[in-house]
Enquirer: 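There's a structure below that I have some questions on.
Values reported hereafter were calculated over all heavy atoms of this structure, with side chains retained and with hydrogens, waters and symmetry mates removed.
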Amino acid sequence: MRINRDRAGSLVTHALLILFALLAVAPILVIVVNSFKTTPGIFGQPFALPNAETFSLGGYERVFTRGQFVTNYGNSLIVTVGATVATLVLATLAAFALTEYKVRFAPLVGGFFVLGIMLPIRLGTVPIIKTMISWQLMDTLVALVLVYTAMSLPLAIALLMTYFKAVPAAVKEAARIDGAGELRTLSITLPMVRPGLAAVASVTMLPIWNDLWFPLILAPSKENQTVTLGVQQFVGQFLNDYPALLGALTLGAVPLIVLFVVFSRQFIQGLSAGIGK
């Protein structure tokens with residue numbers, strides 16, 4: 001009797017998970033399918049597969065001919081990779097220092113970073129603009145990298161601190177007894193916090209790649225536009241190019257989908273372990 005109850009509970013759990021997965025994937029599939037249609041096909045049969053009458057690659061052709069999609073794509077890659085690498089390096093150093101060195105202000109600094117998670121960085125848009133103007137970094141990719149790094153550091157540091165606290169003290173003490181310096185000791189502990197690094201990289205890349213606010217404010221020129229900002233060129237005041245818009249959205253989501261498929265195990269393991277700790 002107990003076995004039947006457990007089996008029934010397992011079936012209900014799997015059914016709910018499948019339902020949630022379908023609800024999450026369905027909008028993406030609708031976008032991808034409609035990107036291969038004409039505009040009448042999108043509005044006439046939005047949930048049907050393309051056929052001989054509605055199939056068209058014109059949207060993808062206009063993405064590359066009308067817009068600067070390759071340039072936008074490259075800008076997004078530069079900003080996302082640059083901010084992610086900077087976040088990983090700075091967060092690793094800060095988390096190691098806050099967990100390893102017992103000083104009076106360490107809890108205060110840790111609480112300061114936790115506070116940074118709760119306060120949205122967009123509240124400081126005006127001071128950020130003034131700072132970038134004074135540094136002569138307006139309309140540059142460097143400004144975006146700096147802002148996104150500052151935006152990502154609080155969560156990254158808080159997450160990595162949980163992993164560094166779980167590293168056995170004996171490992172670090174043995175490294176120091178053997179004459180290892182602090183950077184060498186840090187490098188020895190890095191393999192033990194690898195899931196945390198993967199989780200930080202994953203949660204850092206997604207909001208940066210999809211952000212529209214700061215590219216619109218800090219780097220609006222055509223030469224520095226990111227993918228999310230470049231997509232807006234297919235949205236007009238009186239006429240929208242829906243096939244090109246959906247095609248650009250599909251191409252823009254490809255890197256994130258590929259990264260998640262390749263590193264999904266590390267992402268789930270790192271994020272769940274960080275929450276559990």
Enquirer: With heavy-atom distances below 4.5 Å as the criterion, would you say the side chains of Phe47 and Asn34 are in contact?
Expert: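 A side-chain contact under 4.5 Å is absent here.
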
Enquirer: For Arg194, is the CZ atom crowded, meaning more than 12 foreign heavy atoms sit under 6.0 Å from it?
Expert: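 Not more than 12 within 6.0 Å, no.
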
Enquirer: With clusters defined by side-chain heavy atoms of hydrophobic residues (ILVMFWY) lying less than 4.5 Å apart, directly or transitively, does Leu88 cluster with Tyr163?
Expert: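 Looking at the clustering, Leu88 is in the same group as Tyr163.
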
Enquirer: Does Leu183 CG have over 12 foreign heavy atoms under 6.0 Å away?
Expert: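 Not more than 12 within 6.0 Å, no.
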
Enquirer: Measure the shortest side-chain to side-chain distance between Phe36 and Pro243 over non-hydrogen atoms and say whether it is less than 4.5 angstrom.
Expert: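 No, every pair of side-chain atoms sits at 4.5 Å or beyond.
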
Enquirer: Evaluate side-chain contact (heavy atoms from CB on, under 4.5 Å) for Leu218 paired with Met138, printing each intermediate quantity in order.
Expert: CA-CA 6 Å; Leu218 299 179; Met138 282 296 294; 3.8 Å; yes

Enquirer: So, taking the atom named OH in Tyr60 and the one named OG1 in Thr250, what distance separates them when rounded to the nearest 0.5 Å?
Expert: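 Answer rounded to 0.5 Å: 4.0 Å.
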
Enquirer: Strictly by modelled atom types, are Ser221 and Asp139 linked by a side-chain donor-acceptor pair under 3.5 Å?
Expert: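 Ser221 vs Asp139: donor-acceptor pair found between side chains.
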
Enquirer: Do Val231 and Thr228 pass the side-chain contact (heavy atoms from CB on, under 4.5 Å) test, and can you show the C-alpha distance, the side-chain angles, and the key distance before you say yes or no?
Expert: CA-CA 5 Å; Val231 167; Thr228 52; 5.9 Å; no

Enquirer: Starting from the C-alpha separation in whole Å, work towards a yes-or-no answer on side-chain contact (heavy atoms from CB on, under 4.5 Å) for Val142 and Trp135.
Expert: CA-CA 11 Å; Val142 176; Trp135 290 355; over 6 Å; no

Enquirer: What distance do Ile157 atom CD1 and Thr99 atom OG1 have between them, rounded to the nearest 0.5 Å?
Expert: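 Answer rounded to 0.5 Å: 11.0 Å.
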
Enquirer: Checking the side chain of Asn75 only, and the main-chain atoms of Gln225 only, is there a donor and an acceptor separated by less than 3.5 Å?
Expert: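 Such a contact is found between Asn75 side chain and Gln225 backbone.
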
Enquirer: Do the side chains of Ile121 and Leu141 join up, straight or via other hydrophobic residues, at under 4.5 Å, putting them in one cluster?
Expert: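 Shared cluster, yes.
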
Enquirer: Taking all atoms of both residues into account, what is the closest heavy-atom pair of Gly252 and Pro255, and its distance?
Expert: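 Answer, listing the atom of Gly252 first, then Pro255: O-CD, 3.5 Å.
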
Enquirer: Check for a donor-acceptor pair, side chain of Thr84 on one end and backbone N or O of Val81 on the other, with a separation under 3.5 Å.
Expert: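 No, Thr84 side chain to Val81 backbone: no donor-acceptor pair under 3.5 Å.
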
Enquirer: Do Phe55 and Leu49 have side chains that approach each other closer than 4.5 Å (heavy atoms only, starting at C-beta)?
Expert: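 Contact flag for Phe55/Leu49 side chains = no.
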
Enquirer: How many angstroms lie between atom OG1 of Thr226 and atom CG of Leu212, to the nearest 0.5 angstrom?
Expert: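 The OG1 atom of Thr226 sits 7.0 Å away from the CG atom of Leu212.
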
Enquirer: Got a donor-acceptor contact below 3.5 angstrom from the Asn51 side chain to the Glu53 backbone?
Expert: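 Yes, the answer is positive, given that a donor and an acceptor are paired below the 3.5 Å cut-off.
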
Enquirer: Are Val126 and Leu216 linked, directly or through other ILVMFWY residues, by side chains that come within less than 4.5 angstrom of each other?
Expert: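 Hydrophobic grouping puts Val126 apart from Leu216.
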
Enquirer: Does Leu144 reach the side chain of Ile208, with side-chain heavy atoms less than 4.5 Å apart?
Expert: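 The answer is no, as the side chains (C-beta and beyond) never meet within the 4.5 Å cut-off.
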
Enquirer: Side chains of Asp241 and Arg62: does their closest heavy-atom pair fall under 4.5 Å?
Expert: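 Sidechains of Arg62 and Asp241: in contact.
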
Enquirer: Are Leu249 and Ser35 packed together at the side-chain level, in the sense that at least one heavy-atom pair is separated by less than 4.5 angstrom?
Expert: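 When only atoms from C-beta onward are counted, Ser35 and Leu249 do not touch, as no gap falls below 4.5 Å.
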
Enquirer: Work out which heavy atom in Val227 is nearest to a heavy atom in Ser76; give both atom names and the distance.
Expert: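 What the structure gives for the nearest pair is N-OG, 2.8 Å.
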
Enquirer: Determine whether Thr92 and Leu197 satisfy the following criterion, side-chain contact (heavy atoms from CB on, under 4.5 Å), listing intermediate values before the conclusion.
Expert: CA-CA 8 Å; Thr92 299; Leu197 296 174; 3.5 Å; yes

Enquirer: Quick one: pull up CE in Met151 and CD1 in Ile128 and give me the separation to the nearest 0.5 Å.
Expert: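 The CD1 atom of Ile128 is 9.5 Å from CE of Met151, to the nearest 0.5 Å.
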
Enquirer: Is a side-chain donor-acceptor pair under 3.5 Å present for Tyr148 with Asp211?
Expert: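 Side chains of Asp211 and Tyr148: pair found under 3.5 Å.
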
Enquirer: What are the two closest non-hydrogen atoms of Ala156 and Thr87, and how far apart are they?
Expert: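 That would be CB-CG2, 3.7 Å.
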
Enquirer: Quick one: pull up CZ in Phe164 and OG1 in Thr189 and give me the separation to the nearest 0.5 Å.
Expert: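 Rounded to the nearest 0.5 Å, the CZ-OG1 separation comes out at 5.0 Å.
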
Enquirer: Answer yes if Leu206 and Val145 sit in the same cluster of Ile, Leu, Val, Met, Phe, Trp and Tyr residues linked by side chain heavy atoms under 4.5 Å apart, and no otherwise.
Expert: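 Different clusters: Leu206 never reaches Val145 through Ile, Leu, Val, Met, Phe, Trp or Tyr contacts under 4.5 Å.
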
Enquirer: So Met132 and Val147, do their side chains get closer than 4.5 Å, heavy atoms only?
Expert: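 SC-SC contact between Val147 and Met132 confirmed.
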
Enquirer: State, to 0.1 Å, how close Leu160 and Ala95 come at their nearest heavy-atom pair, and which atoms those are.
Expert: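 Residues Leu160 and Ala95, closest heavy atoms: CB-CB, 3.7 Å.
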
Enquirer: What are the two closest non-hydrogen atoms of Thr204 and Ser152, and how far apart are they?
Expert: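 For Thr204 and Ser152, the tightest heavy-atom pair comes out as CG2-OG, 3.5 Å.
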
Enquirer: Looking at side-chain heavy atoms only, is the closest gap between Leu186 and Leu93 below 4.5 Å?
Expert: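 A side-chain contact exists here, since the closest heavy-atom pair is under 4.5 Å.
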
Enquirer: Between Met192 and Val200, is there a shared hydrophobic cluster once you connect ILVMFWY residues whose side-chain heavy atoms come closer than 4.5 Å?
Expert: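 The answer is yes; both residues are in one hydrophobic cluster.
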
Enquirer: Report yes or no: does Thr162 contribute a side-chain atom to a donor-acceptor pair with the main-chain N or O of Leu159 at less than 3.5 Å?
Expert: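 It does hold such a pair.
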
Enquirer: Does a sphere of radius 6.0 Å around CZ in Arg176 hold more than 12 heavy atoms from other residues, nucleotides or ligands, not counting ones at 6.0 Å or beyond?
Expert: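 Yes - once you tally the heavy atoms of other residues, nucleotides and ligands closer than 6.0 Å, there are more than 12.
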
Enquirer: Under 3.5 Å, is there a donor on one side chain and an acceptor on the other for Thr125 and Trp213?
Expert: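 Their side chains do contain a donor-acceptor pair, which is all the 3.5 Å distance test asks for.
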
Enquirer: Roughly how far apart are Lys172 NZ and Glu100 CD, rounded to 0.5 Å?
Expert: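 Output value for this atom pair is 4.0 Å.
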
